[in-house]
Amino acid sequence: MDLNELLSSLTLEEKVGQLVQLAGVYYDTSSEITGPLANFEITDTQKYTAGSIIGVSSAKEAYNIQKEYLEKSSHKIPLLFMADVIHGSKTIFPIPLGASSSFNPSLIEKMAKYSAIEAANMGVQVTFSPMADLARDARWGRNMETNGEDPYLNKVLTSSYVRGYQGGELSSDSLLISCVKHFAAYGLVDAGREYNTVDLSKRLLLEQHYPAYESAIKSGSKMVMSAFNTIDSVPVTANKKVLDDDLRNMLGFDGVVISDWAAITELINHRVAMDSKDSAKLSIDATVDIDMMSMAYKDHLVELVNEGVVSMELIDNSVKRILEIKKAYGLFDNPFKNLEFDENFNVDINQVAKEVALESIVLLKNKNNILPMTKNYKVYGKHVSSSDYHGPWSWQGDINDTKSIESKFGDKVVEYRGSDFDLQFFSDVDNVILFIGETSFESGEAKSKTDIRLSKTDVEIIKKLKFAGKNVVACIFAGRPLDLSEINDLCDGIIYAWFPGSEAASAIYDLITGVSNFSAKLSMSLPRTTGQCPIYYNDYPTGRPFDKAIDTYVSKYIDTLNSPLYTFSDGLTYSNVTITDATAKPNKDHIVITCNLENHSDYDCMEVIQVYVKDCISTVIKPERELKAFKKVRIAKNTKSTFEFNLNLEELKLVNNNEQWILEDGDFELYIGLNVNNVIKQKVGVINGICINK
Ligand code: GLC
């Protein structure tokens, strides 16, 4: 297929059509609606010149649409079918914020691959995933879609998702096209309030936010979704500096930019566009290629070109980029790729979903080793029988297909009555396991909160059981970090399950009873109170750093400690693993990290060896500690092992005040450990770009 010939054969109307994305509802089919749906008038001509469709929920429906489209369209360019396969298609994996707590890049790649395998039998060709936005504020509902608060972990796992979905560079072998989102820095919405303004320095944007999107591009992602928010007071959807200068020219992205849902005409609400026509011009100038459901392109681009306001070249560039990914994906050879439903599909996705759930659920507290629970215990809580374990953005996942906690714990379950229960039901046991926390409807898009505490009912239940002398283990479901301060001292055990997906019950049962061992580490800190938000481990010293010895005129609160209740990298196992003999040896373009781990327990386990870096003196402020390398390893019970891996010297670079990535001379302290606060210090130096021992 010669794309230049194809392009030149298209009329202007047909070219503009390729830049238009419509929801499946306009093709008389069921369709997921994930944004405001106005009552647009869509003509048949517009239906059969649109370039892509969003939200069609089955292969059969997609097949029929494609068939009819190719029959009726004037140019025969196949439609692309796009959807939000965020953490699974029908078999649901843990929410990405949970999966990122696995610190397991190969497992994330496997999760994405199996999501794609299932999506490829459900009529999906493009997934709007991974979300590479850095999360910093627990109040924001979309933390659940992120890889947490650390730029390095985010960068590594974002790349894993793209590799899993596409199998590397986009090709006809790719199961899905991965559309990384939302470029950029959507997680910094002011006050954690959804769709709010984002404002940060270009330096921080380059140093902390762009790397994850760049890693997606380097891993082969050929689609980027522009973010709803502003950067430098210009909405990204109209921000040529961000989308053309930064994304395309600086980061080398040569693929397709798609707007977020209706974001183009929402430029009118931002008051940077006078009307829909003006918003179309601003967005095409900024190189937004596809208009997702705002109709601005459909209604005005032809007119704007005919008036000479928008150049035909600009249109051709966008159309060419769209045709290029359709060709690369093999769509011209097979327009029905992923649209032919296989009745005999029987890949075991659930086993992989359980594997991810087991490595995502975090053990935060285990006083007196109350877990694993083998003693006399009862089970209670609103999530025991709810099966509400998928979390938001669970594509075609149906909780009616998901086994409940009750199905695993059987006769140990006490019927849920909120906090209005009779303690008599627990009179024959010393221990109670509670399944509490958020419902799936309390996080996700447009679900920001001003209060991230547990519900009064959940806290009341814990207090009543505790005052009745019971040992209490709380297993908490959440799409964000929650404030556990009210229950932290009351509980003997705390498990942070996030939303573990289709295999939640099985994974939680195995972890609680000791069939499996915990290994997850928090990828996002849990605040002591909402008032601390945003809070993250990799913060800065300030001019008056907190000092226990000094009571005032230091950076502190008068009513709360500075530290989070639980911090990034917190997570226990049933084992007792010590780390010793950690060393850091410079070797050309990397630093060789070695250490010994000893497992002083009868439980095999996995641990995450982490390397944090502190730039001792730099021309711009740098965090006290930044994760710059990690390795998840297995240590058999009662064994001692030596591990070695590399810290890339590139990771010691910073973005200076001239917005340049540079490796500055000076000393660097390396903190090697199994948790950000439990580390062994090593030191290296850099002189003229060469790393030396210190
Ligand atoms: C939503 C979300 C975006 C999603 C898109 C399509 O508004 O912001 O993440 O991919 O619309 O559903």
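All ligand and atom numbering here is 1-based and tracks the order in the structure.
Between Lys113 and Glu109, none of the side-chain N atoms (NZ, or NE/NH1/NH2) sits under 4.0 Å from a carboxylate O, so this pair counts as no salt bridge.
Each of the atoms 3 (C), 4 (C), 9 (O), 10 (O) of ligand 1 lies under 4.0 Å from some heavy atom of Lys181. Set against the non-hydrogen atoms of Phe228, the atoms of ligand 1 under 4.0 Å away are 7 (O), 8 (O). In summary, the atoms of ligand 1 found under 4.0 Å from a heavy atom of Phe128, numbered by their order in the structure, are 10 (O). Proximity to Glu445 (heavy-atom distance under 4.0 Å) selects the following atoms of ligand 1: 1 (C), 2 (C), 7 (O), 8 (O). Heavy-atom proximity to Ile54, at under 4.0 Å, picks out these atoms of ligand 1: 6 (C), 12 (O). Close approach of ligand 1 to Trp261 (heavy-atom distance below 4.0 Å) involves ligand atoms 7 (O), 11 (O).
A donor-acceptor contact closer than 3.5 angstrom is absent between the side chains of Tyr536 and Asp150. With no hydrogens or angles considered, a side-chain donor-acceptor pair links Ser276 and His300 at under 3.5 Å. Looking only at atom types and distance, the side chain of Tyr186 has a donor-acceptor partner in the side chain of Glu194 under 3.5 Å away. A side-chain donor from one of Thr287 and Arg248 sits under 3.5 Å from a side-chain acceptor of the other.
For Tyr186, no nitrogen or oxygen atom sits less than 3.5 Å from a nitrogen or oxygen atom of ligand 1, counting backbone and side chain alike. Residue-to-ligand polar distances place Thr34 within reach of ligand 1: an N/O pair is separated by less than 3.5 Å.
Distances from ligand 1 to the non-hydrogen atoms of Arg142 include at least one value under 4.0 Å.
Note on ring orientation: taking the six-membered ring where Trp is involved, the planes of Tyr537 and Phe568 are parallel (angle under 30°, cut-offs 30° and 60°).
Figure legend: Lys181 and Trp393 shown as a cation-pi pair, the cationic atom lying under 6.0 angstrom from the six-membered ring centre and within 45 degrees of its axis.
Of all the heavy atoms of Met82, none lies under 4.0 Å from any atom of ligand 1, so neither backbone nor side chain is involved. Under 4.0 Å from ligand 1, the heavy atoms of His182 that appear belong solely to its side chain.
Taking the centre of each ring, Tyr210 and Phe183 come in below the 6.0 Å mark.
With atom 8 (O) of ligand 1 as the reference point, the heavy atom nearest to it among Asp84, Ile258, Asp260 is part of Asp260.
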